[in-house]
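Report on one structure; see the data block that follows.
If you're wondering where the values come from, they're calculated on a predicted model, not measured in any experiment.
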There are 2 protein chains.
Amino acid sequence: MKPGPRRSVSQVDIVDAAFEILEQKGFAAVSVRGVAAALGLTPTAIYTYFPSKNALLRAMVEELLSSLDLAAAGDTGAPWRERVHALAAALRARIAEHTGAMVLVTSGPLDGRHALGLNETLIAGFMAEGMPQADAARAAYAVRAHVLGVAALDAAERVDDAETAAETSTAGALWSDAASHPLTEATAHLVADGAEPSAFAWGLDRLLDGLLAA
Amino acid sequence: MKPGPRRSVSQVDIVDAAFEILEQKGFAAVSVRGVAAALGLTPTAIYTYFPSKNALLRAMVEELLSSLDLAAAGDTGAPWRERVHALAAALRARIAEHTGAMVLVTSGPLDGRHALGLNETLIAGFMAEGMPQADAARAAYAVRAHVLGVAALDAAERVDDAETAAETSTAGALWSDAASHPLTEATAHLVADGAEPSAFAWGLDRLLDGLLAA
DNA sequence: ACCTGAACACCGTTCAAGT
DNA sequence: ACCTGAACACCGTTCAAGT
């Protein structure tokens with residue numbers, strides 16, 4: 001921990017420390033200063049490893065995506081539809097695991113090695129199902145969008161649950177009364193996070209229906 | 001502008017000023033202090049109108065959604081598929097219009113009046129096509145997720161374009177070389193923002209194919 | 001080469017005080 | 001009732017200096 005010419009931590013250590021904070025205190029609490037403190041470093045030492053906070057955030061996204069099993073998704077032993085489901089569910093779960101991970105994913109480009117690897121796997125998979133390359137690319141785009149969108153709705157729902165307090169005073173006029181949205185109200189449980197059958201799996205299946213019929 | 005017992009601005013003025021800043025300087029620049037300064041107010045005056053910065057951000061999301069023409073989406077004069085396309089395209093455009101609007105949408109719950117109204121319109125539309133209520137709710141969920149996901153990919157792409165500089169030094173190992181992702185490379189133009197035919201419209205059509213066949 | 005310490009220009013939010 | 005001014009506890013980032 002004393003000053004010296006040898007690296008006392010690694011990039012991975014920093015990313016891990018950042019995830020620890022993300023998990024425990026949310027996205028807003030992920031600060032260069034906080035991460036440094038967690039590692040017993042000075043804030044400025046972090047800039048020896050990452051050129052900016054943004055670079056650190058992107059490394060976190062890559063770390064998140066690196067845990068996806070792309071090899072399994074490419075293994076033709078199981079039907080393609082099943083493999084897409086597994087991959088999509090894993091990605092969704094990875095984002096849902098950490099409070100505020102969605103903001104993370106949204107706040108930077110998705111051009112890291114693992115992000116591109118995911119796309120590559122999806123395109124290849126759809127082509128193996130007989131799709132021309134152009135349609136396979138569009139299909140991969142649709143699947144990525146779908147999963148990301150579900151993750152966004154997940155995140156929104158979780159923020160909602162975490163805040164059922166105090167905020168009804170000044171902002172009251174902006175929020176809804178249930179009576180004016182009867183359909184949403186009546187079906188809320190069907191699309192909630194733990195609903196069975198999962199609205200996510202159902203929607204993804206309909207998307208795959210449409211894609212694979214094309 | 002002088003101190004006094006009368007409101008010098010409205011909630012809408014504050015939201016508008018915040019959008020001005022969002023558009024010109026991005027999400028990170030939207031600060032209570034900055035918005036207040038733009039209106040000739042002191043930061044603390046903002047807390048007379050909104051209980052927190054988060055409440056202001058949510059009001060911005062509602063403002064964004066309020067411009068959607070839900071009446072047109074409910075008008076059975078045009079085919080349902082066309083109306084969904086129009087609604088989805090409008091929502092996507094609304095988010096793409098302002099730099100950083102996606103982070104905005106992702107950073108809070110989507111439970112405002114207009115957010116719920118959008119959902120209500122979608123469920124009703126699918127039911128009018130003959131879907132049972134439960135499936136219509138899941139279909140609405142899928143469409144919302146899809147559009148949100150596309151907006152997220154849009155946003156990621158735009159951040160990417162805005163930053164093709166300097167960042168290749170330390171973080172270099174994390175980014176990709178094109179050669180290892182040939183399919184992504186070869187098809188990038190097909191799913192890019194202004195591609196024709198639009199990957200967004202194509203994917204939404206496949207999703208609707210699957211949904212309406214169910 | 002790696003790290004510290006001090007500094008710059010910011011944040012969101014609270015609170016007593018003015019009109 | 002609405003707003004200001006000062007203050008608290010933070011930010012990301014830069015830069016000269018130490019070992």
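For the pair Tyr47(B) and dC3(D), the criterion of a side-chain N or O lying under 4.0 Å from OP1 or OP2 is not met. For the OP1/OP2 pair of dT13(C) and a distance below 4.0 Å, the side-chain nitrogens and oxygens of Thr44(B) include no atom meeting the criterion.
Base pairing of dT19(D): its partner is dA1(C), meeting the Watson-Crick or G-U wobble criterion (both donor-acceptor distances under 3.5 Å). A 3.5 Å limit on both hydrogen-bonding distances identifies dT13(D) as the Watson-Crick or G-U partner of dA7(C).
On the C1' atoms, dC11(D) is 12 Å away from dC8(C), given to the nearest whole Å. For the C1' atoms, the distance linking dA16(D) with dC3(C) amounts to 13 Å, nearest Å.
Whole-Å rounding puts the Ile14(B) CD1 to dC2(D) P distance at 12 Å. If you measure from atom CZ of Phe27(B) to atom P of dC11(C), you get 14 Å, rounded to the nearest angstrom. Following rounding to the nearest Å, Leu57(A) (CG) and dT13(D) (P) show an atom-to-atom distance of 9 Å. Taking atom CG on Asn54(A) and atom C1' on dG12(D), their separation rounds to 11 Å, with Å as the unit. At whole-Å resolution of the value, CZ in Arg7(B) and C1' in dT4(D) are 15 Å apart. Taking atom CZ on Arg33(A) and atom P on dC10(D), their separation rounds to 10 Å, with Å as the unit. Regarding Ile46(A), its CD1 atom lies at a distance of 16 Å from the C1' atom of dT14(D), rounded to whole Å. Nucleotide dC2(D) holds its P atom 12 Å from the CD atom of Gln11(B), rounded to whole Å.
Set against dG12(C), dC3(C), dG12(D), the side chain of Val32(B) has dG12(C) as its closest nucleotide. For Thr48(A), whose side chain is taken as the heavy atoms from C-beta onward, the closest listed nucleotide among dT13(C), dT13(D), dC3(C) is dC3(C).
Of the possible polar contacts, none joining the Gln133(B) side chain to the Thr187(A) backbone as a donor-acceptor pair under 3.5 Å is found.
Judged by a 6.0 Å distance limit and a 45° cone about the ring axis, Arg138(B) is not positioned over the six-membered ring of Phe200(A).
Residues Asp154(B) and Arg92(B) are paired through a salt bridge, judged by an N-O separation under 4.0 Å between the basic side chain and the carboxylate.
Checked by atom type, the side-chain pair Glu120(B)/His181(A) shows no donor-acceptor distance below 3.5 Å.
Within 4.0 Å of Ser31(B), counting heavy atoms only, lie sugar-phosphate atoms of the nucleic acid but no base atom.
Ring pair Trp202(B)/Tyr141(A): centre-to-centre distance not below 6.0 Å.
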